[in-house]
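Here the structure comes first, spelled out in structure tokens, and everything after it is commentary.
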Number of protein chains: 2
Amino acid sequence: MMSAMGAEPRLRIMRLLLSAHPEGMVVGDIQSELGIPGSTLSHHLEKLKIVGLVNVSRERQFLRYSANTDVLQNLLAFLFDECCSRSSAIKPQSIANLCKPDTD
Amino acid sequence: MMSAMGAEPRLRIMRLLLSAHPEGMVVGDIQSELGIPGSTLSHHLEKLKIVGLVNVSRERQFLRYSANTDVLQNLLAFLFDECCSRSSAIKPQSIANLCKPDTD
DNA sequence: ACTATGTTTCTAGTATAATAGAAATAAGGT
DNA sequence: ACCTTATTTCTATTATACTAGAAACATAGT
């Protein structure tokens, strides 16, 4: 998954899909937004789908892709676990607070 | 950075260095622990160093590598920011709680 | 059935990355 | 100065990934 997110075109796709979450976007819109040729885009979407970072569903003749936030959450949890339980070097609160100053 | 962590040998290195945090490890110990030939290991360590995920310091004739937890924290913060501020789809607390059930 | 549109698969070229043996460099001990 | 140990750089090979045009496939409308 990190390898998948490590490629710039795919990180751009993920960020775009997160902007459009939870509705997601159809391929054509992603394509015109990012300016990536169809076949190249399809290849990247395929990779993101394989590792589970995105979900796909048909909508008439369009394919709608959306970010799989459960999987993203697992990735974040894994990284946290590595950092915290292995080394206690990172303070989760300092990061969590960045996102939700209103809850808690 | 995600690309760097996305390669399996390098993820193994990072996990090992996090286990040994904050002391870190000298190259020879990493090598015997992971069973990676010296030149290959050196190549991977170089990459991790370039993206800032590890720090190096000389210690007599050894080179000691250690995980750069500040940079890791920034990476986590970036991911959180993408997920939370773009989509509000991820609950930071659910992850933060995995690590520190005693603080807060 | 035919046409139009959206998306993928096929194919191939190019670039980047992983691997590791051998030689070179660095630091330390005698 | 020389030898030993630690690590890197050099070099080359092999494998994998990125890119994208063209053709194929899927769905919808007429």
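These figures come from a predicted structure and were not determined experimentally.
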Open item on the list: Using side chain to side chain contact (heavy atoms under 4.5 Å, CB included), reason through A:Cys83 and B:Leu76 one step at a time and then give a plain yes or no.
Closed with: CA-CA 10 Å; A:Cys83 295; B:Leu76 282 167; 4.2 Å; yes

Open item on the list: Taking 4.0 Å as the cut-off, does a side-chain nitrogen or oxygen of A:Arg10 come that near to OP1 or OP2 on D:dA17?
Closed with: no

Open item on the list: Quick check for you: to the nearest 0.5 Å, what is the distance between A:Leu41 atom CG and A:Arg10 atom CZ?
Closed with: 11.5 Å

- [ ] Grab the CG-P distance between B:Leu34 and D:dT7 for me, whole Å please.
- [x] 14 Å

TODO: Starting at atom CD1 of A:Ile36, determine the distance to atom C1' of D:dC18, rounded to an integer number of angstrom.
DONE: 11 Å

- [ ] Is it possible for you to say whether B:Leu11 and A:Leu53 belong to one hydrophobic cluster, with membership spreading through side-chain heavy-atom contacts below 4.5 Å?
- [x] yes

TODO: Mind checking which stems touch DNA chain D? I mean at least 3 consecutive Watson-Crick or G-U pairs, both distances under 3.5 Å.
DONE: C:1-30 with D:1-30

Task: Spacing of CE belonging to A:Met1 relative to CE belonging to B:Met5, to within rounding of 0.5 Å - done: 12.0 Å

Open item on the list: Tell me the interatomic distance from B:Glu33, atom CD, to D:dA6, atom P, rounded to whole angstroms.
Closed with: 16 Å

TODO: Calculate the interatomic distance between B:Glu8 atom CD and D:dA15 atom P; express it in whole Å.
DONE: 18 Å

Open item on the list: I need the residues from residues 42-64 of chain A with at least one non-hydrogen atom less than 4.0 Å from DNA chain C; give them sorted by number, or say none.
Closed with: A:Ser42, A:Gln61, A:Phe62, A:Leu63

TODO: Look at the side chain of A:Asn68 and the backbone N and O of A:Asn55, then say whether any donor-acceptor pair between them is shorter than 3.5 Å.
DONE: no

Task: Point-to-point distance, once rounded to the nearest 0.5 Å, from CD of B:Glu33 to OG of B:Ser19 - done: 8.5 Å

- [ ] In whole angstrom, give the distance that lies between atom CG of B:Leu11 and atom C1' of C:dA17.
- [x] 17 Å

Task: Spatial distance of atom CE (A:Met25) from atom CZ (A:Arg64) [nearest 0.5 Å] - done: 8.5 Å

Open item on the list: If the cut-off is 4.0 Å, is A:Tyr65 near the phosphate of C:dT8, judged by side-chain N/O to OP1 or OP2?
Closed with: yes

Open item on the list: Can you tell me how far apart CG (B:Leu18) and CG (A:Leu79) are? Round to the nearest 0.5 Å.
Closed with: 9.5 Å

Task: Neighbours of DNA chain C within residues 25-32 of chain B, by heavy-atom distance under 4.0 Å - done: none

TODO: Just do the side chain to side chain contact (heavy atoms under 4.5 Å, CB included) check on B:Ile36 and B:Gln31 with the steps written out, would you?
DONE: CA-CA 5 Å; B:Ile36 300 174; B:Gln31 187 172 349; 5.6 Å; no

TODO: Nearest 0.5 Å please: distance from the CG atom of A:Leu17 over to the CZ atom of A:Arg12.
DONE: 12.0 Å

TODO: May I ask whether A:Val56 and A:Leu48 are part of the same hydrophobic cluster, defined by side-chain heavy atoms of I, L, V, M, F, W, Y residues being less than 4.5 angstrom apart, directly or through others?
DONE: yes

TODO: Using a cut-off of strictly less than 4.0 Å, decide whether B:Thr40 has a side-chain nitrogen or oxygen near OP1 or OP2 of C:dA20.
DONE: yes

